[in-house]
J.: 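What follows is a single structure, and I will ask about it in a moment.
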Amino acid sequence: MAIINDNIQAFEDRYYGKELGIDALSSGIFNRNAIASIESTALNNKDVLNVFKSLVTFENENRHTIRVNYADLDVEEFGSVYEGLLEFEPVVENAEFRFKQGDARSSSGSHYTPEELVKPLIIHSLDHVIADKLKEADPEKAMLSITVCDVACGSGHILLSAARRIGFELARIRSNEDQPTPSVLRIAIRDVIKNCIYGVDLNPLAVELCKVALWLEAHDPGEPLNFLDHHIKNGNAILGLAHYEELQNGIASEAFKALPDDEKTIASAFKKRNDEERKSQMSELFDLNTVNEDFVDVQKSINQFNQMPESTSEQIEKKANAYHDLTNGKKWFRLKQLANLQVAQFFIPKTTENKEKLTTHSKYKTYLNSGTQILDRGASMAIAEHKKFFHWFLEFPEVFQQGGFDCILGNPPFLGGQKLTGNYGTNFLEYLKHTYRPVGAVDLVTYFFRRIFDVIKTNGFQSLISTNTIAQGSAREGGLDVICSSNGVINHAIRSMKWPGQAAVEVSLITIHKGEWKKQFILDNKSVDRITSYLDDSEVMGKPRPLLSNKGKSFQGSIVLGKGFVLTTEEAEKLIEKDPRNKDVLFPYLNGDDLNNDPEQKPSRWVINFFDWDEEKARSYPDCYEIVEKLVKSERQRWKKTMMAMKL
């Protein structure tokens, strides 16, 4: 282990590498904290050598050992690495480490984005921004003022494409050449990544991979890696406040709606109290004066921080320390506490033991107006950390001084509305329904569309990949319809196309401009007069109404809430053989995959369905009830672990 540490220190600190002519690279990846667990881990030489062998060699189809050529590894291939890692979970059992099949990709709706889908996003959004910036008096300064974000950045593939596109134009301006040299282009891309590129992701592994990809693209020999911790961040992009002014919203009464794990009397009492406080204080304005000064100081501090140089490892270290001090300072911390309090009330269980941890509207208003100490912040801080609340105005204050982002590109996660509660909890869905009202329980991507429109500036763009359900039913009504009625214009769309990779989904590509649009509308690669929220070019004549004559002719079918209800054909047949009565609650389960991939369209699985029965009747089928009961117990244990993790 000493040899490994010494090798790493050569890149951490100029002192260790100078004898070998190695410049310190600095930044998070070469920081001791990044490998703290390795430093305290004992491994014998044989295991270490086996790890290195596996990292630098592989067996081809002819079982020949081939050396991995990392020099030829394309930066975009990090996306494939990220997607692959999401398929597995690390497990340590009986002092043995191994990987098991995981569900992080399916449960988060994550997929690596092929380049052929990224190009049209950039052409119909970022290219327009660049064209406008080139018209300004100082085009170089204008180019470096562009702000681009990906709110579910993954390994950074889309951000890399954006950085290269802006970097190419910047290099052309600086060199006055149509085809800048690689060295000029590399420096330009480095400056673009430093000034223009932002990213957020819920998965901390994705954040680290994104930073690595950007570092590899931007590294200039002889200089340390860019400091990126203030631009590429870990958090839930749709869970938190967008703008500073939202602090005035106070505590929503919807946060105290009684949910299955709440004590109804406690929830009801707090909701009634909050309703009364909001009603009695309707005419009283929130006073932001006490926090305005703090927020202005935070903005000034971030502007000063952004002027700090980062050409040497010492400067990078100084910049990292300055950012730590800024984001842990009293003013930043208080603003974050106030924002957390608003969101956290949706997640704190309404139970007797948590009564003192809940905050209602009146108390919140006192905190905001008077500047008094926030006494009940502990629960909200724990939940904010666990759920990864992300308050945009505070995380990227320099961007919101300019009104928001110029362009947001991305491939937000797709996850069916019915799966949201299973993967994120009922509290999460209730928060989304309140924050993004009038939207209900729809695909996760719809909420991303709404949040992204909130954080782009006037005349900014959002250009995103979505499931094609975005233009259908309640998803359209709560998503594109709301955006189009709020000064949003769809200037480009591809209605539906098959995902180029392995994911069995049909996707839409949609670009939205915030503000008046006087240029071309492009629908399915053709010029049209307009694009509606239905992703067609027909003249809008009002919303369609359902025909009464069609009532009762079709229905959705039963919704299966959890894999614990699903059985293989063999499992179902054994249960029926054991007790023929089980046939009353066991049914073939046909899904979209069966319809699309089985020539005979036969169901590949079975499902347990207790209809709307009460528990007593369901118990009369003990074999099937026991299976469902195990699922319920498992969910309860998961909930308890979550509560313990939040230290409630």
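Just so you know, residue 1 is the first one in the sequence shown, and it goes up from there.
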J.: Any donor-acceptor pair under 3.5 Å linking the side chain of Arg451 with the backbone of Phe448?
T.: no

J.: Sort out for me which residue in His124, His492, His128 forms a ring-ring contact (aromatic ring centres under 6.0 Å, His included) with Phe461.
T.: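 For Phe461, the ring-ring contact (aromatic ring centres under 6.0 Å, His included) test succeeds with only one of His124, His492, His128, which is His128.
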
J.: If you draw the axis of the six-membered ring of Phe453, does the NZ or CZ of Lys514 fall within 45° of it and under 6.0 Å from the ring centre?
T.: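 Cation-pi check for Lys514 and Phe453: passes.
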
J.: Tell me if a side-chain donor or acceptor on Asp443 pairs with a main-chain N or O of Leu415 at a distance below 3.5 Å.
T.: yes

J.: Strictly distance-based, threshold 3.5 Å: is any side-chain N or O of Glu571 a donor or acceptor partner for the main-chain N or O of Thr568?
T.: yes

J.: Relative to the ring of Trp517, is the ring of Phe521 parallel (under 30°), tilted (30 to 60°) or perpendicular (over 60°)?
T.: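 Geometry flag for Trp517 against Phe521: perpendicular rings.
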
J.: Check this for me: does any side-chain nitrogen of one of Lys574 and Glu570 sit under 4.0 Å from a carboxylate oxygen of the other?
T.: no

J.: Which label fits Trp613 and Phe610: parallel for a plane angle under 30°, tilted from 30 to 60°, or perpendicular past 60°?
T.: tilted

J.: Around atom CD of Glu616, are there more than 12 heavy atoms of other residues, nucleotides or ligands at under 6.0 Å?
T.: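 Counting other residues, nucleotides and ligands, CD of Glu616 stays at 12 neighbours or fewer.
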
J.: Mind checking what makes ring-ring contact (aromatic ring centres under 6.0 Å, His included) contact with Phe389, not counting sequence neighbours?
T.: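 Only Phe347 meet the ring-ring contact (aromatic ring centres under 6.0 Å, His included) criterion with Phe389.
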
J.: Taking the six-membered ring for Trp, are the ring centroids of Phe611 and Phe587 within less than 6.0 Å of each other?
T.: yes

J.: In plain terms, say whether Asp537 and Arg530 are close enough for a salt bridge, that is, a side-chain N and a carboxylate O under 4.0 Å apart.
T.: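 No, Asp537 and Arg530 are not salt-bridged.
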
J.: With Ile408 as reference, evaluate Val148, Val455, Asp150 under the side chain to side chain contact (heavy atoms under 4.5 Å, CB included) test and give the passing residue.
T.: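 Of the listed residues Val148, Val455, Asp150, the side chain to side chain contact (heavy atoms under 4.5 Å, CB included) partner of Ile408 is Val455.
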
J.: Quick one: pull up CD1 in Ile465 and OG in Ser508 and give me the separation to the nearest 0.5 Å.
T.: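 If I round to the nearest 0.5 Å, the distance is 10.5 Å.
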
J.: Backbone N or O of Ile123 within a donor-acceptor pair of the Arg165 side chain at under 3.5 Å?
T.: no

J.: Do you know the tightest heavy-atom contact between Arg581 and Ser620?
T.: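 Taking Arg581 first and Ser620 second, the nearest heavy atoms are NH1-O, 3.1 Å.
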
J.: Quick one: do Glu430 and Lys257 make a salt bridge, cutoff under 4.0 Å?
T.: yes

J.: Ion pair present between Glu254 and Arg437, side-chain N to carboxylate O less than 4.0 angstrom?
T.: no

